[in-house]
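Read through the structure below, which is laid out as structure tokens, and then see the notes.
Heads up: numbering here begins at 1 and tracks the sequence. Computation of the quantities below employed the complete heavy-atom set of this structure, encompassing side-chain atoms and omitting hydrogens, waters and symmetry-equivalent molecules.
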Amino acid sequence: MPRIKMSTPLVEMDGDEMTRILWQLIKDNLIIPFVDLKTEYYDLGLLNRNKTQDQITVDSALATKKHGVAVKCATITPNLQRMEEYPQLTEMWKSPNATIRSILDGTVFRRPIVIDCIKPTVRTWEKPITIARHAYGDVYKSAELKTDEPGQCVLTFTGESGASQTISVQVSDGPTVWLGQHNKDSSIRSFARACFQYAVDSRQDLWFSAKDTISKTYDGRFKTIFEEEFENYAVRFDALGIAYFYTLIDDAAARVIRSKGGFIWACKNYDGDVMSDMISSAYGSLAMMTSVLISPDGSYEFEAAHGTVTRHYYRFLDGEKTSTNPIASIFAWTGALRRRGELDGLPDLQGFAAKLEDACLGTVESGIMTSDLVALVEPGFNATSVNTWEFIAEVGSKLVYTSEQ
């Protein structure tokens with residue numbers, strides 16, 4: 001069959017370690033044979049970020065704003081251990097995801113990939129729970145300081161007018177670590193609007209949680225802005241029979257466990273980071289969750305929600321063909337291809353994305369899966385563990401079949 005044509009490129013952000021290996025396998029075996037793939041390529045591997053002083057990350061985000069659709073591989077965010085592992089690093093570079101999210105100022109929506117033969121750990125859950133994660137500020141764009149003597153730390157804001165405000169953070173009697181966070185009204189409003197619009201589009205209830213009883217000003221501002229923005233959506237919510245409510249983050253965690261699922265849970269940046277991992281694990285695996293960043297200008301950036309699978313990478317370097325689950329990375333590609341097809345009026349590209357997802361899920365439902373899923377299937381289900389190369393080959397064989405229908 002002739003390959004499906006594309007008219008506008010995707011922004012392709014390559015990554016690190018085992019997910020970088022998966023990335024190339026997916027392209028070579030499941031996309032390029034069927035699609036005349038056009039991408040604007042950015043290598044966000046750690047060493048290239050170091051080589052470019054992280055400019056490559058900024059460039060990739062700006063390209064996403066230009067082209068409207070991006071697909072990203074998982075990347076390393078270096079810590080002290082990574083600095084020892086990669087002695088050539090000149091700096092402990094910030095999370096590329098945080099940099100991209102800051103530039104795009106969007107909201108991350110993460111949704112588990114549900115398969116019939118794998119039931120969620122929480123047996124009351126009947127439908128997927130979508131996490132809406134704010135993608136700007138908080139700890140991801142914070143300033144940190146370590147001091148070694150007694151003293152006082154103050155927080156001072158100086159406005160353009162010259163007026164200033166100062167508060168005492170704490171008087172310390174010895175070595176102390178300090179953290180300064182911020183967020184912007186404009187970003188919080190974008191977050192709120194994205195959540196309400198997504199709820200309307202998907203016809204799901206929306207929950208928002210924070211901790212305004214403790215953080216009366218910071219978290220309280222989030223709560224207030226959500227209430228203000230909901231006034232613009234209340235009539236549509238009522239017409240669709242869906243609801244919005246706010247509750248404390250600890251209460252929300254308890255409610256989620258008792259729920260039946262089927263709603264959107266909006267969280268601040270760090271809360272969303274943690275809770276999306278909890279939700280995906282409870283539904284089966286971190287490798288079984290879609291993730292898309294949607295910016296206010298309509299740009300979409302698709303990625304896997306998990307990390308670079310370091311342990312598998314070093315086993316791969318030792319010559320082992322690991323059983324690493326590629327499904328989240330496959331769905332990042334299908335999400336980007338589908339969105340590109342929607343924007344460019346290419347129904348064949350949209351159809352291909354759907355067929356690839358069906359082939360992927362069909363492979364698992366037929367009993368062929370990576371080892372992380374074998375341990376999760378329902379009792380009595382006949383599952384066979386295969387390595388990543390065998391799994392992708394099986395998906396490819398089913399894709400050939402479905403492409404001829």
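- Between Tyr140 and Asp273, the side chains place a donor N or O and an acceptor N or O closer than 3.5 Å (distance only, hydrogens not considered).
- Counting only heavy atoms from C-beta outward, the side chains of Leu346 and Ile4 never approach each other to under 4.5 Å.
- In this structure, a donor-acceptor pair under 3.5 Å is present between the side chains of Thr310 and Arg82.
- Side-chain atoms of Ser371 do not come within 3.5 Å of backbone N or O of Ser385 as any donor-acceptor pair.
- Without hydrogens or angle criteria, Arg49 side chain to Ile76 main chain gives a donor-acceptor distance under 3.5 Å.
- With hydrogens and angles ignored, the 3.5 Å screen pairs a side-chain donor or acceptor of Thr388 with a backbone N or O of Thr324.
- Using a cutoff of 4.0 Å between basic side-chain nitrogens and carboxylate oxygens, Asp54 and Lys94 are not scored as salt-bridged.
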For residues 113-123, run the donor-acceptor check on the side chains, cut-off 3.5 Å, and write out each pair with its distance to 0.1 Å, sequence neighbours left out.
from, atom 1, to, atom 2, distance (Å)
Lys119, NZ, Asp116, O, 3.4
Thr121, OG1, Ala282, O, 3.3

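- Considering all non-hydrogen atoms of both residues, Ala287 and Asp372 come closest at CB-OD2, 4.3 Å.
- Side-chain polar atoms of His134 and Ser187 form a donor-acceptor pair below 3.5 angstrom.
- Side-chain contact, Asn183 with Tyr136: no donor N or O sits under 3.5 Å from an acceptor N or O.
- There is a side-chain donor-acceptor pair under 3.5 Å between Thr90 and Asn50.
- With hydrogens and angles left out, the side-chain atoms of Thr334 and Glu357 include a donor and acceptor closer than 3.5 Å.
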